[in-house]
Asker: 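One structure follows; several queries about it will come next.
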Amino acid sequence: MTTETSSSSATTEQAQDVALFEVHKKIQVRAVSGIFATWRWALVWFTQLLFYGLCWLPWNGRQAVLLDLVERKFYIFGLVFWPQDVIFLAGLLIISAYSLFLFTAVGGRLWCGYACPQTVYTEIFLWIEQKIEGDRNARMKLDAAPMSARKFMIRGSRYAAWVAVALWTGFTFVGYFTPIKTLSSELMTLSFGPWETFWILFYGAFTYAFAGHLREQVCKYMCPYARFQGVMFDPDTLTITYDEERGEPRGTRKKGADYKTQGKGDCVDCGICVQVCPTGIDIRQGLQYECIGCAACIDACDQVMEKMAYPKGLIRYSTEHAIAQHWGWKDIAGHIVRPRVVIYTVILVAITAAWFWGLANKPVLRVDVIRDRATLAREVENGLIENLYRLQVMNVSESAERYSMSVTGLPGIRLAGETEIEVPAASNKSILVQVRVPPESGKQGSNVVFFDVKSTRNDKIAVHEKATFLIPR
Amino acid sequence: MQRLLWVLWPSFIVAGVAEGLFFTVVNPQELYLFGEPVHFSTLATLSIGFLAFWAICAGSSLFTCFLQKTPGEINGRGCGQPPASPAAR
């Protein structure tokens, strides 16, 4: 009875194993050098100098780029974005999306191959792996070797280096939300707040898992863009292409042998294009969704072609049409302008122009008029009728500003008390104002009045806001 | 592993979007929890908000995953698993 139970539960476990875990073979990527690898490294440097460095840049006595969630204000150089400006964020996202569409339609997965954080951090983590553990063969040997003191040391130092990069990345990330100066002084005394600690560790762990372990699986199974990028492709889109006509039938041969008389193509079937592929595909089987367009196989194949003294470009950036019709670069370039590209460009230019226009005309002063909820209207000295309002004056500019307030709309209407207000840079102030009118100046019930808030320095910075004034029966 | 990713990953993305939208229109310091104004720091409110969104979205993903099970899996066999032969018992 006992044996039966245990064996049946073992079967269930086995069944679960099959259902829950996909068969994943670890990919050990062979390092590659060449023009496209250089381009990728250039972009790694560019994006990461930007990411790790920008948060340290001061601007007007504050951090140049700070997404202050606590104060609900985003500072980006001279600009301050408030929650009311969310339209600009939406606009920015739309612009990014259309740029991506446009680049993809013209050049394939340029984003994935060179600039995507997943690619960039994988590249950094791979570099560490290579420096510590050696090249592909050495790593595969180490993988296969039983655990020993040496293996433990090597693996341990690799993981330690990864953790260090991941933690620094997490720290930098949080530095865009909490001023990095505060954060670094907290680092000195190790006195981060609980949530700061959480997010540093969280983002660090994300970086570690994605760049260290998940790698190509992120592109293959998690990335939504990888799934739909195909719809932006057409036969004139540049993709990493294997020239089948030239390469096949592939086969090994002696260097300098007259392979053409043997009926062989240019592909020497060395398999290096597969070894360097970060997603582990064989580009010779044609365009696949796993291909992130990193061009590592181009670099690798070109080196082999050079060694064999064959012309380069057996694997190259080309288009479906170009391969079929033997086009050169001139013909490919001549087919860049096509309806899809034109439509993407027109939309992109229009939205970008509108975005910048909106930014240039972003009001630097905002005023909200809220009627005081407690008192509708009351009679004060000399029989005047008084209404109370709360003015929320938001100075969205980068300098402190003094504003004058006035009210119009009814004969004899005036403000009692303060008529000027000073608001510090990038902040808001709310002020309670009393508005008084003689009772005979308006009709009973609600009357329309207008508040005018004007900068005392610049007449153009002004807001005209409508409100209602109640005169009791 | 893949199923875990199917649950946690889309919910993470959607939670990020939900967090952004929600706290753009709602000031975290003007929230009420069980009739009391929330007394956490803004960072804590935002963080808890995100984790809560994530948990809720993960619940939805989990449900989808659950409903996606094939009849074969519900009948007690893993997908692609041959029926257990009586001899194995």
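What you are looking at is a predicted structure, and each value in this text was computed from that prediction instead of being measured. Lettering of chains follows the sequences in order, A, B, ..., and the numbering in each one begins at 1.
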Asker: At a heavy-atom separation under 4.5 Å, does A:Glu196 approach chain B through its side chain, its backbone, both, or neither?
Answerer: both
Asker: Please classify the contact of A:Trp199 with chain B as side chain, backbone, both or neither, using a heavy-atom distance under 4.5 Å.
Answerer: side chain
Asker: With a 4.5 angstrom heavy-atom cut-off, which part of A:Phe74 approaches chain B: side chain, backbone, both or neither?
Answerer: neither
Asker: Just how far is it from atom CG of A:Asp85 to atom OG1 of B:Thr24, taken to the nearest 0.5 Å?
Answerer: 11.0 Å
Asker: Do other residues, nucleotides or ligands put more than 12 heavy atoms under 6.0 Å from the OH atom of A:Tyr98?
Answerer: no
Asker: Let me know if B:Leu51 has heavy atoms under 4.5 Å from chain A in its side chain, its backbone, both or neither.
Answerer: side chain
Asker: Just wondering, more than 12 heavy atoms not from A:Leu67 lying within 6.0 Å of its CG?
Answerer: yes
Asker: May I ask you to name which of B:Asn27, B:Leu5, B:Leu43 has the most heavy-atom pairs under 4.5 Å with chain A?
Answerer: B:Asn27
Asker: When you compare the side chain of B:Ile48 with that of A:Trp195, does any pair of heavy atoms fall below 4.5 Å?
Answerer: yes
Asker: What is the distance from atom CE of A:Met222 to atom CH2 of B:Trp6, rounded to the nearest 0.5 Å?
Answerer: 13.0 Å
Asker: Would you say that more than 12 heavy atoms from the other residues, nucleotides or ligands in this model lie under 6.0 Å from the NZ of A:Lys181, or not?
Answerer: no
Asker: Are there over 12 heavy-atom neighbours, none belonging to A:Tyr159, within less than 6.0 Å of that residue's OH?
Answerer: yes
Asker: What class does the angle between the rings of A:Phe202 and B:Phe50 fall in, given that below 30° is parallel, 30 to 60° is tilted and above 60° is perpendicular?
Answerer: perpendicular
Asker: Quick one: pull up CG in A:Asp68 and OG1 in B:Thr42 and give me the separation to the nearest 0.5 Å.
Answerer: 9.0 Å
